[in-house]
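Please read the structure below before turning to the comments.
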There are 2 protein chains.
Amino acid sequence: MSDNYHHGNLRQALIDAGVKIINEDGEDKLSLRKVAAACEVSHAAPYAHFKDKEELLAAIKSSVTERFMSELEKAEKKAQSAEQAILFMGQTYVSFFSNNPDYFKFLFASQKLVAHLEMDKEYPDDYPPFILLKQTYKKYLKEKDIKMDYKDQEAGLLKIWSSVHGLAAIACMTGVETSVDWNHIELN
Amino acid sequence: MSDNYHHGNLRQALIDAGVKIINEDGEDKLSLRKVAAACEVSHAAPYAHFKDKEELLAAIKSSVTERFMSELEKAEKKAQSAEQAILFMGQTYVSFFSNNPDYFKFLFASQKLVAHLEMDKEYPDDYPPFILLKQTYKKYLKEKDIKMDYKDQEAGLLKIWSSVHGLAAIACMTGVETSVDWNHIELN
DNA sequence: AAAAATATCTTGACAATGTAAAGATTGGTG
DNA sequence: CACCAATCTTTACATTGTCAAGATATTTTT
């Protein structure tokens, strides 16, 4: 084996190298050629696995989103009620990005997210963290036996998400204290 | 006059051309050389006015922020109370970016914003839209004669801003309906 | 007004990058 | 073993940001 051909699992290695570069230097410092070099393959090798840079970036984003999801799910499981789950997930949402501000820009700057507020249908292609939030919010409404107009439910869901997402955004952009009294984020 | 030298007001022309390109094609399609070409000058001409690409982008951002501020101020003046002003400004905040989603990414993706929640001091370097919001929120507290703990005031300000900013973010990323019942954004 | 200094612009060059094309190497399949 | 498809390399080219040297216009100085 000439040792250069057939890396073994180049696809995953490229993704991991990409995550690392974004962590250390930010997205603007990431280039296809650097990622390839980090994996010790030629600069055009990535094209066997990704159509173009955009496709590699999408794969890296998926990878980061998985980590994000895993933390959200952990938070959800730790909670003993749907209400508490929403609170924990909100805190996790903000702290995840406060701890890695680069991820926030990276995930949300260019990526188009899919998200449907409609409460009576499921959309498997929706942004996974949003799906989890929506499910938990539904549980919460059931748990508390809250009867709301259809449109108010949508508005309530959007309110929670936008509050939390906005808080994360501002925390990342300003470095502002995130030790916020979380009672203010509460659902009402 | 050899007609090529001394454009007249190249600096502003470069900024305007940059805004136009971002409007039409998005930030990733913007290059120094294209901006220069749009102004019919050589590819290195911008370096007489801007240290590097980053500095031109900063100038373009300032220009867009000015438009944003002008709309916010218009909304604020239209209102007949501070409470209504916050509502109007919130609606304007969201609709401005809903109408130009490219601006949202452009303004907030790379730019570090400065913002101080402290209610008893003024920070002239804070992000102008935030300064306006903070002032209006102060007026609102006075207007309604609301007495709050210092920390609660900060939290209230942050809550309004993050709600509105988060809503704008989600509107831009998802294209979700922004015809939200604005009562939900209200201040309490 | 002539000369000198400065600001503004052009030309030419270079390195980094994304990407396409052609070919080399390898592992698997019939 | 022969063949094929997947994977990787090499070569090539256009785009881009940036720098350096020089040209031209404007401003300032004398």
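These numbers come from a predicted model, not from an experiment. Residue numbering restarts at 1 for every chain, and letters A, B, ... go by the order of the sequence lines. These numbers come from the heavy atoms of this one structure, side chains and all, not from hydrogens, waters or symmetry mates.
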Under 3.5 Å, sequence neighbours excluded: what are the donor-acceptor pairs made by side chains of residues 116-123 of chain A?
unit_1	atom_1	unit_2	atom_2	d
A:His116	ND1	A:Asp126	OD1	2.8
A:Asp120	OD1	A:Tyr150	OH	2.7
A:Asp120	OD2	A:Tyr150	OH	3.3

Using modelled atom types only, decide if a donor and an acceptor are shared between the side chain of B:Asn23 and the backbone of B:Gly26 within a distance under 3.5 Å. no

Nearest whole Å is fine: how far is [N] [atom2] from [X] [atom1]?
{"X": "B:Phe50", "N": "D:dC19", "atom1": "CZ", "atom2": "P", "value": "16 Å"}
{"X": "B:Arg11", "N": "C:dC9", "atom1": "CZ", "atom2": "P", "value": "12 Å"}
{"X": "B:Leu14", "N": "C:dT8", "atom1": "CG", "atom2": "P", "value": "12 Å"}

Counting only side-chain N and O atoms of A:His49, is one of them less than 4.0 Å from OP1 or OP2 of D:dA6? no

Listed pairs, N/O of protein and of nucleotides 17-20 of chain C, under 3.5 Å:
unit_1	atom_1	unit_2	atom_2	d
C:dG18	OP1	A:Leu32	N	3.4
C:dG18	OP1	A:Lys53	NZ	2.9
C:dG18	OP2	A:Leu32	N	2.8
C:dG18	OP2	A:Arg33	N	3.4
C:dG18	N7	A:Arg33	NH1	2.5
C:dG18	O6	A:Arg33	NH1	2.8
C:dT19	OP2	A:Tyr47	OH	3.2
C:dT19	OP2	A:Lys53	N	2.9
C:dT19	O5'	A:Tyr47	OH	3.3
C:dT19	O4	A:Arg33	NH1	3.2

What pairs of donor and acceptor atoms, side-chain ones from residues 67-78 of chain A against any protein atom, are under 3.5 angstrom apart with sequence neighbours left out?
unit_1	atom_1	unit_2	atom_2	d
A:Arg67	NH1	A:Tyr103	OH	3.4

Sorted by chain and number, sequence neighbours left out, side-chain hydrogen bond (donor to acceptor under 3.5 Å, both in side chains) with A:Lys61 holds for A:Ser110

Residues in ring pair (Phe, Tyr, Trp, His ring centres under 6.0 Å) with B:Phe106, at least two apart? none

Residue set satisfying side-chain contact (heavy atoms from CB on, under 4.5 Å) with B:Ser81, at least two apart, ordered chain then number -> B:Glu83, B:Gln84, B:Glu143

